[in-house]
2 protein chains.
Amino acid sequence: MSLMLPSSGDDASEQADQSALLDLAGYNIRRAYLVIQALFDQEMEKHDLRQAEFSVLSIVRGNPGINQRALADALAVAPPNLATLLDRLEARGLVARQRSTEDKRVQHVELTTQGVRLYSRALKAAGTADAQALQHLSEAEREQLKTLLRKIFVE
Amino acid sequence: MSLMLPSSGDDASEQADQSALLDLAGYNIRRAYLVIQALFDQEMEKHDLRQAEFSVLSIVRGNPGINQRALADALAVAPPNLATLLDRLEARGLVARQRSTEDKRVQHVELTTQGVRLYSRALKAAGTADAQALQHLSEAEREQLKTLLRKIFVE
DNA sequence: TATTGTTATACTCTATAACTATA
DNA sequence: TATAGTTATAGAGTATAACAATA
């Protein structure tokens with residue numbers, strides 16, 4: 001369609017040829033990531049949660065009493081950034097930090113009752129964003145997509 | 001393996017349960033994106049190119065004389081950010097901006113000879129990063145992955 | 001000495017407002 | 001009035017160094 005463009009590319013209504021980039025898996029992943037990220041953010045905004053905050057709630061929900069080190073590892077977040085993340089979530093009454101009695105350097109993190117409630121609603125919202133992003137894929141295709149993606153990030 | 005953890009999550013060698021997040025396509029895409037992005041950056045570093053700069057070179061290579069407006073649209077980059085991107089690439093002698101004679105507001109962008117040469121090498125490097133990220137996928141799986149991803153970002 | 005968590009800081013990306021020059 | 005491109009700036013996200021408390 002935009003093959004053999006004359007060397008002038010004036011027409012703004014003309015779409016640029018992206019075939020070289022579309023051959024790269026990395027570019028396709030990035031483009032899909034941007035779409036689903038936007039849908040996700042739109043849903044999470046309703047709960048005043050950012051991506052990283054939702055991930056914190058999710059890991060803590062599935063691993064009550066996890067310490068900050070393990071939490072930072074699971075999230076691939078640097079410890080200083082986790083500290084400020086938790087500051088905000090704690091100030092909102094969604095998580096609680098408790099100093100370990102066995103090793104006083106360690107802090108255990110838990111969801112508060114309010115945190116559990118918000119996470120439950122946020123998880124539904126995340127599912128909604130997912131469903132929107134995947135609306136053109138069959139159930140089998142959705143499973144296959146996840147399977148293929150995991151082959152990239154699981155060692 | 002980490003199912004039914006006791007409510008203490010002390011052991012730092014223990015991996016946190018991420019099953020709730022792994023059910024979400026968005027999380028799988030993000031994790032895969034982070035992996036391929038790291039490999040890509042590592043390859044591009046050899047050519048002193050950032051992701052956005054590589055994309056600029058690629059679009060301009062396939063659309064010589066494209067104007068900045070169309071280029072910004074294709075890249076999903078805000079015009080102010082494209083301006084500084086092009087400043088750097090132009091200062092390095094990789095692209096050239098030429099004011100249109102028909103509409104003096106418009107600038108056409110082209111690769112210089114040096115830009116073509118660098119892009120050619122960078123494209124190979126991008127392929128290398130791609131191959132590393134996809135090393136556990138068969139050729140058929142790689143094609144299917146791209147097909148599935150495009151169903152997400154093509155409207 | 002090494003580790004957990006914190007503070008402070010810096011760098012990159014991205015987004016917006018305000019400007020210019022042209023149309 | 002609207003558009004192409006620019007400058008300046010502000011906000012996220014991310015990364016590192018230096019520190020305090022504890023082991």
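Bear in mind that the values here come from a model prediction, so they are computed numbers and not experimental data. So you know, we letter chains A, B, ... as the sequences are listed, proteins then strands, and number each from 1.
Just one of Asn67(B), Asp73(B), Leu75(B) meets the side-chain contact (heavy atoms from CB on, under 4.5 Å) condition when paired with Leu71(B); it is Leu75(B).
Non-hydrogen atoms lying under 4.0 Å from DNA chain C are contributed by nothing in residues 49-59 of chain A. Of the residues in residues 75-82 of chain B, those with a non-hydrogen atom less than 4.0 angstrom from any atom of DNA chain D are Pro79(B), Pro80(B).
The distance from atom CE of Met44(A) to atom C1' of dA12(D) is 18 Å, rounded to the nearest whole Å. Between Arg99(B) atom CZ and dA21(C) atom P the separation is 11 Å, expressed in whole Å. Rounded to an integer number of Å, the gap from CG of Asn67(B) to P of dT6(D) is 12 Å. Between the CG atom of Leu86(B) and the C1' atom of dT7(D) there is a distance of 15 Å, given to the nearest Å. We find that CG of Leu85(A) is positioned 8 Å from P of dG13(D), with the value rounded to whole Å. Summarising the geometry, the separation between CD on Glu102(B) and C1' on dA21(C) is reported as 18 Å, rounded to the nearest angstrom. What separates OH of Tyr33(B) from C1' of dC13(C) is a distance of 10 Å, to the nearest Å. Arg88(A) has its CZ atom 19 Å from the C1' atom of dT6(C), to the nearest Å.
The side chain of Arg69(B) contributes no N or O atom lying less than 4.0 Å from OP1 or OP2 of dT6(D). In this model, the phosphate group of dT3(C) is not approached by any side-chain N or O of Gln68(A) to a distance below 4.0 Å at OP1 or OP2. The side chain of Arg97(A) places no N or O atom within less than 4.0 Å of a non-bridging phosphate oxygen (OP1 or OP2) of dT4(C).
Within the 4.0 angstrom heavy-atom criterion, only backbone atoms of the sugar-phosphate kind lie near Arg30(B); the bases stay farther away. Asp87(B) comes within contact range of the sugar-phosphate backbone alone, with a heavy-atom separation under 4.0 Å but no base atom that close.
How far CZ of Arg30(B) is from CD1 of Ile36(A): 12.0 Å, rounded to the nearest 0.5 Å.
Ile152(A) is connected to Leu22(A) through a chain of hydrophobic side-chain contacts under 4.5 Å among Ile, Leu, Val, Met, Phe, Trp and Tyr, so both are in one cluster. Val77(A) and Leu49(A) fall within a single hydrophobic cluster, where Ile, Leu, Val, Met, Phe, Trp and Tyr side chains are chained together by heavy-atom contacts under 4.5 Å.
Of all heavy-atom pairs between Asp130(A) and Gly26(B), the closest is OD1-N, 3.1 Å.
The aromatic rings of Tyr33(A) and Tyr33(B) sit parallel, their planes meeting at an angle under 30°, below the 60° perpendicular limit.
For the pair Arg105(A) and Thr84(B), nearest-nucleotide mapping onto DNA chain D gives the more 5' position to Thr84(B).
In this structure, the side chains of Arg97(A) and Gln68(A) come closer than 4.5 Å at one or more pairs of heavy atoms. The side-chain heavy atoms of Leu149(A) and Arg31(B), taken from C-beta on, include no pair separated by under 4.5 Å. The shortest distance between side-chain heavy atoms of Leu94(B) and Tyr119(B) does not fall below 4.5 Å.
Of the candidate nucleotides dT6(D), dA23(C), dG5(C), dA23(C) has the atom lying nearest to any side-chain atom of Lys104(B).
Side-chain contact check for Glu110(B) and Gln98(B): no donor-acceptor pair (N or O, by modelled atom type) lies under 3.5 Å.
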